[in-house]
Amino acid sequence: MLLDKISKENDIKKLNHDELKPLAAEIREFLIEKISKTGGHLGSNLGAVELTMALHLELNFPEDKLIWDVGHQSYTHKLLTGRKEGFDKLRKYGGLSGFPKRKESDCDCFDTGHSSTSISAGLGLVKARDIKGENHTVISVIGDGSLTGGMAYEALNNAARLESNFIIILNDNNMSISENVGGMSKYLNSVRTADAYLDIKEGVYNTLMDVPKYGDKVARGIQKAKKTFKQMVIPGMFFEDLGIRYMGAVDGHDIAKISRLIRESKRINQAVLIHVMTQKGKGFAPAERHPARFHGAEPFDIETGLPSNKRVANYTDVFSTVMTKLGTRDERIVAITAAMPDGTGLKRFRNMFPERFFDVGIAEEHAVTFAAGLAAGGMKPIVAIYSSFLQRSYDQILHDVCIQNLPVVFAVDRAGLVGSDGETHQGIFDLSFLSSIPNMHIMAPKNKWELSDMLKFAVAFDGPIAVRYPRGEAYDGLSEYRKPINLGLAEVIYEEEEICLIAVGSMVKEAEIIRKVLKEAGYYCSLINARFIKPIDEELILRAAKVHKLIVTMEENVASGGFGEKVLRLLTESGSAAKVLSVAVPDEYVEHGNVDVLKKEIGIDDKSIIRAILKALD
């Protein structure tokens, strides 16, 4: 196999031209086989194989710097930098990350995981290079989807001022350009980057500028005419108008063409954007037909493309069902998502109520302020965003929603540990940053029935409110406990003495297991479902503190700023003598891996919590 010849970075350069196409086929076959077992981002990686190969042919690693926006398309990059053996443990605890990681390889120069960041990071690396007087190449790769994020345009605006080389590659797997325009673009690009053209252009401009009185006007007139002509025949004039040289569009699966544009771009002392057209999922028919399904794929059968594991109803499914019912009952309800209609469960709502569904693209900040405007206009907006992505819109939640006390509902999906995507995707901060904002209210359901009830409560509530729920199978236990939702009130499930477990959302299931073990060991144990993280049920907690030796708070959120801190502060200020054990995620980033394994590693699984409780009692 040709892949066996690549054991470290730059080994691809030892292959001859005729071996490149077979290597691309081998890479695709390898990725399909491995990801079918481990799960992972398949479609984006299959679409970027030739692009990555061209980058590795033209760059020298680790001296040159390559930044992947989001980073979920970096699998081929990992293969070409000698990490082939790590793919058996891709996205598993202690194994290869599904994203670029500086601690994993010197060839990963910047950790990424959220979109629209690569141009800003690349620009920073360029400036660091220039200040230090170094001469390596910096390339940022960004997808067309990531260009919907405002941060990318802020970076482009600053990149336009550069007077040194910086290459941006737009990996476009959605837009199409007609052949005649593409052909003209190809011709003009080759002319405009030729040494002779660049020399003549500079010489003519300098000569005209030296002509007394009229030289400056003539030179500016020629520039204006040239710009008008280019607007008629060259795509990408938006970038040119910003001051960024546009190259393309080029077939993203033609290694030779991409390599040539990279070589030409390296000679230009300004920011250059190379527009590359790729096909998401290329080489695997199921992924080509269903790119969304294979964006972040679970393990699957290679022959059919169908998931290997039996699908079970999850919290997102419950949200999806409730949303359609709410939309039918109230025409004021509108749904907003940031490029995740499938992932957040809003696809059914979109199909039923297309005029009341808004996908704003990867633009969480805009999504929130847009929702604020809808609420101010008399609508009932529900913003469905993953916990890890919602943190990008903190200012908009604070400034545009909560200061005005607008009735916006935040459906915070993937709250808590999410597993295989690692540090950048764990939803372990939302309780902390949301509860720091005045006027915000926060709920977390113990099971699927309570999620339904909380969503209905949230829609009827007149103010900002968030409902956070985890990834994975929807718990249907404790279904006999379904008391009405009342603002700020917790739910007593079992009431005894000695130990009191107060659990938040997904941790109620864990608390039920723990209580059973403690009861079998002879301890009396109460169980309270917190329901509200803000406001907390102060009266119930103070009452529990009077009759229990130990109060145990349980949450899938970082300890700092979390539910446990609120309870501890309440009891301390009240002068309570009850001892408090706060079970939460430690003040650290949690890497990728199976959620059960991660819980054990950070000490929030049932066995670890029981040990901590017994130690606290002793």
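Because the structure is predicted, anything quoted here is derived from the model rather than measured.
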Under 3.5 Å donor-acceptor, [X] side chain and [Y] backbone:
X	Y	answer
Arg28	Lys282	yes
Gln396	His366	no
Asn45	Tyr75	yes
His253	Gln279	yes
Ser146	Ile142	no
Asn173	Met277	no
Glu365	Ala363	no
Asp111	Arg102	yes
Asp69	Ser118	yes
Asn165	Ile268	yes

Could you give the distance from [atom1] ([X]) to [atom2] ([Y]), rounded to the nearest 0.5 Å?
X	Y	atom1	atom2	answer
Glu26	Phe30	CD	CZ	10.5 Å
Ile167	Arg245	CD1	CZ	12.0 Å
Ile258	Met247	CD1	CE	12.5 Å
Ser97	Leu90	OG	CG	8.0 Å
Arg129	Glu63	CZ	CD	14.0 Å
Leu156	Ser140	CG	OG	10.0 Å

Closest approach of [X] to [Y] (non-hydrogen atoms, all atoms of both residues):
X	Y	value
Gly98	Ser74	O-OG, 4.3 Å
Gly283	Ile32	O-CD1, 4.3 Å
Gly281	Glu288	O-CG, 3.2 Å
Ala384	Thr337	O-OG1, 3.3 Å

**Request:** For the pair Asn60 and His136, evaluate side chain to side chain donor-acceptor pair (under 3.5 Å) and give the outcome as yes or no after the intermediate values.
**Result:** CA-CA 9 Å; Asn60 293 308; His136 55 265; over 6 Å; no
**Request:** Using the six-membered ring of Phe389, assess whether NZ or CZ of Arg392 lies under 6.0 Å from its centre and within 45 degrees of the ring axis.
**Result:**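 Relative to the ring axis of Phe389, which defines the angle, Arg392 lies outside at least one limit.
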**Message:** Could you walk me through whether Ile382 and Val408 satisfy the side-chain contact (heavy atoms from CB on, under 4.5 Å) test, starting with their C-alpha distance in whole Å, then the side-chain angles of each, then the deciding distance to 0.1 Å, before giving a yes or no?
**Reply:** CA-CA 6 Å; Ile382 299 175; Val408 176; over 6 Å; no
**Request:** Look at the aromatic rings of Tyr246 and His275 and report parallel, tilted or perpendicular, splitting at 30° and 60°.
**Result:** perpendicular
**Request:** May I ask you to decide if the ring planes of His41 and His295 are parallel, tilted or perpendicular, using 30° and 60° as cut-offs?
**Result:**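 Ring orientation, 0 to 90° scale: perpendicular.
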Look at atom [atom1] of [X] and say whether more than 12 heavy atoms of other residues, nucleotides or ligands are closer to it than 6.0 Å.
X	atom1	result
Lys13	NZ	yes
Lys347	NZ	no
Asn135	CG	no

**Option passing side-chain contact (heavy atoms from CB on, under 4.5 Å) with Phe166 (candidates Val272, Ile119, Ile139, Asp130)** =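 Going through Val272, Ile119, Ile139, Asp130 one by one, the side-chain contact (heavy atoms from CB on, under 4.5 Å) with Phe166 is satisfied by Ile119 alone.
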Check this for me, if you would: do [X] and [Y] make a salt bridge, where the nitrogen-to-carboxylate-oxygen distance has to be below 4.0 angstrom?
X	Y	result
Asp359	Arg350	no
Lys78	Glu104	yes
Lys103	Glu423	yes
Lys5	Asp11	no

**Message:** Under 6.0 Å between ring centres: does that hold for Phe357 and Phe353?
**Reply:**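 No, they do not, as the ring centres are separated by 6.0 Å or more.
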**Asked** Below 6.0 angstrom between ring centroids: does that apply to His56 and Phe61?
**Response**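 They qualify: ring centres under 6.0 Å apart.
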**Prompt:** If we only count heavy atoms from C-beta on, is the Ile6 to Thr81 side-chain gap below 4.5 Å?
**Reply:** no
**Asked** Quick one: does Ile67's side chain get under 4.5 Å of Cys109's, heavy atoms only?
**Response**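 Touching, per the 4.5 Å side-chain cut-off.
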**Request:** Please lay out, stage by stage, how Phe319 and Asp413 fare under the test side-chain contact (heavy atoms from CB on, under 4.5 Å).
**Result:** CA-CA 9 Å; Phe319 171 74; Asp413 200 341; 6.0 Å; no
**Asked** With sequence neighbours left out, what residues match Glu298 under salt bridge (charged side-chain N to carboxylate O under 4.0 Å, His left out)?
**Response** Arg471
**Request:** Apply side chain to side chain donor-acceptor pair (under 3.5 Å) to Ser320 and Asp317, showing your working.
**Result:** CA-CA 5 Å; Ser320 176; Asp317 296 327; over 6 Å; no
**Request:** Start with the C-alpha gap between Glu364 and Leu390, add the side-chain angles, then the distance that decides, and say whether side-chain contact (heavy atoms from CB on, under 4.5 Å) holds.
**Result:** CA-CA 7 Å; Glu364 292 85 2; Leu390 186 66; over 6 Å; no
**Request:** Start with the C-alpha distance between Phe410 and Val368, add both sets of side-chain angles, then the distance that settles side-chain contact (heavy atoms from CB on, under 4.5 Å), and finish with yes or no.
**Result:** CA-CA 9 Å; Phe410 294 95; Val368 171; 4.0 Å; yes
